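Each remark here refers to the structure printed beneath this line.
If you're wondering where the values come from, they're calculated on a predicted model, not measured in any experiment. A, B, ... follow the sequence lines: proteins, then strands. Residue 1 opens every chain.
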Number of protein chains: 4
Amino acid sequence: MTDQRGPGRPRSEAARQAVLNAAMLDLDEHGYAALTMQGIAARAGVGKQTVYRWWSSKADVVLEALIERAEKIVVAPDAGTLEADLDAFLTATFREHGLRRVLTGLMAQALLDPEFAVAFRDRFLFSRRAALRQILDRAAARGEIPGDVDRELLIDMVYGLLWYRLMLDHAPLGEPVGRQLTGLLLRAVSAPPPGTGAASKPSGPMS
Amino acid sequence: MTDQRGPGRPRSEAARQAVLNAAMLDLDEHGYAALTMQGIAARAGVGKQTVYRWWSSKADVVLEALIERAEKIVVAPDAGTLEADLDAFLTATFREHGLRRVLTGLMAQALLDPEFAVAFRDRFLFSRRAALRQILDRAAARGEIPGDVDRELLIDMVYGLLWYRLMLDHAPLGEPVGRQLTGLLLRAVSAPPPGTGAASKPSGPMS
Amino acid sequence: MTDQRGPGRPRSEAARQAVLNAAMLDLDEHGYAALTMQGIAARAGVGKQTVYRWWSSKADVVLEALIERAEKIVVAPDAGTLEADLDAFLTATFREHGLRRVLTGLMAQALLDPEFAVAFRDRFLFSRRAALRQILDRAAARGEIPGDVDRELLIDMVYGLLWYRLMLDHAPLGEPVGRQLTGLLLRAVSAPPPGTGAASKPSGPMS
Amino acid sequence: MTDQRGPGRPRSEAARQAVLNAAMLDLDEHGYAALTMQGIAARAGVGKQTVYRWWSSKADVVLEALIERAEKIVVAPDAGTLEADLDAFLTATFREHGLRRVLTGLMAQALLDPEFAVAFRDRFLFSRRAALRQILDRAAARGEIPGDVDRELLIDMVYGLLWYRLMLDHAPLGEPVGRQLTGLLLRAVSAPPPGTGAASKPSGPMS
DNA sequence: GGATAAGCGAGACGGTACGTCAAGTCTTAGC
DNA sequence: GCTAAGACTTGACGTACCGTCTCGCTTATCC
């Protein structure tokens, strides 16, 4: 269980940090669109090749920086009830909008580059979804959510709203919205279907 | 209401159509990221300057093409009840995922270019929101939705879900989802608040 | 010998003058290299087509302007002796260096465009040479120049010096130089060959 | 006198030669006016940026090619007498008219671009003048030329003639002309002033 | 006086080259 | 074998003019 290191000069941790820092600084100052591998390398005082050796694109750099800095992940401690859990999670999540520039930049890249899209989903987005899914699963186990409710749909609605407002920036996106959303979701999952129409068949499985 | 034409050679409608067509073809074949103004001009058999004269970016071209081709706008005829209206609108809307490449490409551009973001919102996104808002307003007037429900939030949740799935492409996005969503929304707006907790105060105004 | 004019709107003299003026002004202000047909037309308040209808290049415009403005041609009245004639002609000619920008611009164009070179030679340069040739021919007839002197060579040396200094702008170019040159030429054509070497065979025809 | 090389990949001599060659070939085939930086790069199989990195214009490229290829400079060995020196130098110089296209192209550029004009003068024209000046200075030291003769004027007359005929291409320009010119110059500098007129005061200093 | 014809200002058209930027790769010397 | 440096090929960028064309309009001659 050694360090597992071959011959040759070892990777420079200083260079790695310099690159991640330079990327975040440039991003804050000039926005994601103005980021370039060239610029990151220059600002970090690092050879371009060193950047390319470890990351394949500017998005890769930013993603790593984001993950490293957001290691203080939004955890979901069990508070006993769905309402309490949801409220804690959503207010915490919707408080994150300070990362707007980073997140929308990465999303833009993911939309343009399918390869990065996979990395972005797997290394970032899905780990967030997992936390919310855990909350809902717990609530279902407690019987707070009917078994016929499509929990994936609920998750997508929560994150859909978050991303939509992050991207459009046309409406507020803070704790109050999280609280509001909690209420709406609780209503939706607890109420019986209102009408009799065929449009909603809550009792059937939703594939 | 005249033709409103100044002196000089009039704009060539043929060139305009050639550009829009070339852009859509290139987009379908190679994706939005591979689109270039240069390539559009070449494929359209048009001078680069002619493209720049009328559009300021590839996103501008694609947006115009999208709007022109989607002139068959999603209208919202009054079907009498919220459920019927919603079902019609949502199934129609969620059927649109054939435009995935176009829409995600434009969104990527909007995320990178604030100037284009404004155009995209104003000329496309908001006109879609307006249709849904109309349905909800009608329902509120009929008393089908409590007055204290934040209708903008509902709209954002619907489009949030649509966009989130469009972008992540991790879950289905077709008519069934539209129907499912109809059910969920109807429950949410019709049910009384489930608990008594302070987290959701449906009876107060939501700021 | 009538006006020889068919049907149709006659050429606008106003436009012609406006173009020539605009060209000379732009030339004075920004130099020949910065002249463009487009710019000339715009400054003259004239359609581009109107310029192209009557002139085939910016050089053409400038040449016509030059000729029209230099109509007050350097004539060569017979002053009786070669020395007097030469002195008058050369001092007058070398006084012209105010036209430096125009002349060097046209020469540049002539060097780049063989077609214009012909026009420049025939309509401008050769008419200048003719005046000097007349002086030398008169002197030869009077016996002031030995018959074996190549008068074309003399002419080329005079204009060669003029153009060389115009172009390089490394040495003075005014009346004193004209006077100095007169002296040198007089010596060259009046003296017997200094040596006996075969290098100069003044008695043979010079082809 | 070391290699004086910093870090980083060294400049590619192959690319340099390819560019200079491509320029000369294009120039020979299509003339100076048709030369473009773009075309040179393409023909040399080199990126446009590589050309711009080392040269700032097509004229710069051609000038360097000319100087490199004309390294076999016209030297002026001392043959003992002015006549012999002059004859050798002028016949050699006037033999060079094979470079007509190159030289007139560069001169055109110099006339259009003052910045290049400086480079052209300093790196090419003046080095030629220096050779001739050396010859005249030697002759003056030997007493073959009166001290009151303006040697700069003589030099300008020689090169003036050369350039005038190079540019106008209306008269021959080969060894015979060189020989002819030798004779004319010898006469001019050795003869006493022919007349008594005030126009030429050979015994006074010429300002 | 109406038809015909050419010139006019304006400005869009298809092109070509410009000079710049960043991409991603390669080649040094040095640690 | 990693590092900083920096030259390399590639290709799109957005701009400037080129010379041509197509408008509506004006100004002439000719029937």
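- Pairing each heavy atom of A/Leu112 with each of A/Pro114, the nearest pair is O-CD, 3.6 Å.
- Using a 4.5 Å heavy-atom threshold, the side chains of B/Glu64 and B/Arg69 count as separate.
- Geometrically, C/Arg11 engages C/Trp54 in a cation-pi contact defined by less than 6.0 Å to the ring centre and at most 45° from the axis.
- Note: C/Ser57 OG to C/Glu115 CD = 8.5 Å, rounded to the nearest 0.5 Å.
- No donor-acceptor pair closer than 3.5 Å links the side chain of C/Thr50 to the backbone N or O of C/Val46.
- Note that the first and last nucleotides of DNA chain E, 5' to 3', having any atom under 4.0 angstrom from a heavy atom of chain D are E/dA17 to E/dA29.
- Expressed to the nearest 0.5 Å, how far CZ of C/Phe116 lies from CG of C/Leu63 amounts to 4.5 Å.
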Subject >> Sugar-phosphate or base contact per nucleotide [nucleotides 23-31 of chain F; S, B, -; heavy atom under 4.0 Å] >> reply: BS-BBBS--
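- Residues A/Leu106 and A/Phe124 form no side-chain contact, since every pair of their non-hydrogen atoms from C-beta on lies 4.5 Å or further apart.
- Between C/Ala117 and C/Ala110 the shortest heavy-atom distance is CB-O, 3.3 Å.
- Residue contacts for D/Gly39: at a heavy-atom cut-off of 4.0 Å it reaches no nucleic acid atom on any strand shown.
- Donor-acceptor pairing under 3.5 Å, judged by distance alone, is absent between the side chain of D/Lys48 and the base of F/dG11.
- Between C/Arg16 and C/Trp55 there is a side-chain heavy-atom pair separated by less than 4.5 Å.
- Taking every heavy atom of residues 12-37 of chain D and every atom of DNA chain F, pairs under 4.0 Å involve D/Ser12, by number.
- When side chains are defined from C-beta on, A/Lys58 does not count as touching A/Val51, because their heavy atoms never get closer than 4.5 Å.
- Not a single side chain to side chain donor-acceptor pair (under 3.5 Å) links A/Arg121 to another residue, sequence neighbours left out.
- Here B/Leu99 contributes atom CG and B/Leu166 contributes atom CG; the two are 9.0 Å apart, rounded to the nearest 0.5 Å.
- Straight-line distance from the CD atom of A/Gln38 to the C1' atom of F/dA7: 12 Å, rounded to whole Å.
- DNA chain F is contacted by D/Gln49, D/Thr50, D/Arg53, D/Trp54 of residues 49-63 of chain D, taking any non-hydrogen atom closer than 4.0 Å.
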Would you give me the side-chain donor-acceptor pairs under 3.5 Å for residues 22-45 of chain C, sequence neighbours excluded?
| residue | atom | partner | partner atom | Å |
| --- | --- | --- | --- | --- |
| C/Asp26 | OD1 | C/Arg43 | NH1 | 2.5 |
| C/Glu29 | OE1 | C/Arg43 | NH1 | 3.2 |
| C/Glu29 | OE2 | C/Arg43 | NH2 | 2.9 |
| C/Tyr32 | OH | C/Gln109 | NE2 | 2.9 |
| C/Thr36 | OG1 | C/Gly39 | N | 2.7 |
| C/Gln38 | OE1 | C/Lys48 | NZ | 3.1 |

